[in-house]
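All residue numbers in this chain count up from 1 along the given sequence.
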Amino acid sequence: MRYADGGGLTAAGRQRRVAVRQQAAEMFEQKIKPLEVAQCLRVSRKSAYRWHQLWRNGGIEALVSRGPSGSRCRLSPRCLEKLAANLEEGPNAHGWVDDQVRTAARVATLIGRKFHVSYRVSGATRLIHWLGFSRLSVLVDSGGWCGYGG
């Protein structure tokens, strides 16, 4: 599951999450305390208290999900398709001929070259995983290559 797609939930999972928040709002309207709401709905106390505060300030509308958090991807869906194709071609096709190692730093450089968009290594790592590529290598202090992922 991709975390960039709705917090890692399927459409059915997102619907269940919305239903739980609506149930919480109904319980708050019945003067049920947040601690009891948390126990009844099997959510954390922190979530129940946060929902109660939102509900008090804005009613049930305040509990509606605003979608996944975080910044939006700076690449269009078409650019993401092109990036995936570029990654499939391998490092050699893009000028890294010394080895066939795909690193997040190289992917960030590739994004800059191809799409004129700046990504940090950490953002490139998240993007790589979101696209479904799990094989990466990172440069270790000794100057050698160390693989991680799988």
Side-chain angles (χ1 to χ4, degrees), residues 1-26 34 37-55 57-150:
M1 222 174 284
R2 296 178 176 171
Y3 286 100
D5 292 341
L9 295 176
T10 62
R14 286 190 296 272
Q15 286 298 102
R16 280 193 299 276
R17 183 171 54 190
V18 167
V20 169
R21 287 180 174 198
Q22 288 175 340
Q23 285 178 312
E26 291 169 5
V37 171
Q39 292 169 343
C40 181
L41 298 178
R42 305 181 105 199
V43 298
S44 70
R45 291 186 309 240
K46 182 178 179 178
S47 290
Y49 279 104
R50 186 179 61 234
W51 294 345
H52 186 255
Q53 180 71 33
L54 289 169
W55 173 80
N57 293 337
I60 195 166
E61 296 81 25
L63 293 178
V64 173
S65 176
R66 290 179 290 280
S69 63
S71 60
R72 288 189 195 157
C73 180
R74 288 176 274 160
L75 296 177
S76 69
R78 176 103 170 101
C79 288
L80 289 172
E81 289 175 19
K82 288 181 180 180
L83 176 60
N86 286 318
L87 293 175
E88 288 287 345
E89 293 170 354
N92 192 36
H94 301 285
W96 290 285
V97 294
D98 295 337
D99 54 35
Q100 286 295 301
V101 179
R102 178 183 359 196
T103 66
R106 287 181 176 179
V107 172
T109 300
L110 180 66
I111 292 169
R113 287 180 185 168
K114 297 288 183 179
F115 308 107
H116 307 288
V117 176
S118 177
Y119 263 86
R120 292 184 183 167
V121 173
S122 60
T125 301
R126 285 190 295 275
L127 193 56
I128 291 164
H129 288 288
W130 186 80
L131 288 171
F133 293 90
S134 61
R135 196 78 188 140
L136 273 182
S137 295
V138 293
L139 186 62
V140 293
D141 291 338
S142 64
W145 292 99
C146 174
Y148 77 93

Considering all heavy atoms of both residues, which atom of [X] and which atom of [Y] are nearest to each other, and what is their separation?
X    : Y    : result
A124 : A104 : CB-O, 3.6 Å
P91  : D99  : CB-O, 4.3 Å
R113 : H116 : O-CE1, 3.9 Å

Residue set satisfying side chain to side chain donor-acceptor pair (under 3.5 Å) with Q53, at least two apart, ordered chain then number -> R56
Residues passing the side chain to side chain donor-acceptor pair (under 3.5 Å) test with S44, sequence neighbours excluded, are S47
One should read off an interatomic distance between L80 CG and F115 CZ, to the nearest 0.5 angstrom, of 8.0 Å
The reported gap from CG in L127 to CZ in R120 (rounded to nearest 0.5 angstrom) is 15.0 Å
For residues [X] and [Y], determine if any side-chain heavy atom of one lies less than 4.5 Å from a side-chain heavy atom of the other.
X    : Y    : result
W96  : T109 : yes
L87  : L131 : yes
I111 : N86  : no
R106 : V101 : yes
Q23  : V20  : yes
R102 : V107 : yes

Handout entry: Worked verdict on T125 versus H129 for side chain to side chain contact (heavy atoms under 4.5 Å, CB included)
Key = CA-CA 6 Å; T125 301; H129 288 288; 3.7 Å; yes
Residues at least two apart in sequence or cross-chain that pass ring-ring contact (aromatic ring centres under 6.0 Å, His included) with H94, listed by chain then number, are none
_If you count heavy atoms of other groups shown closer than 6.0 angstrom to CZ of R45, is the number above 12?_
no
TODO: Answer yes or no: does atom CZ of R50 have more than 12 heavy-atom neighbours from other residues, nucleotides or ligands under 6.0 Å?
DONE: yes
Check whether R74 reaches the backbone of Y119 with its side chain - one donor and one acceptor, N or O, closer than 3.5 Å. no
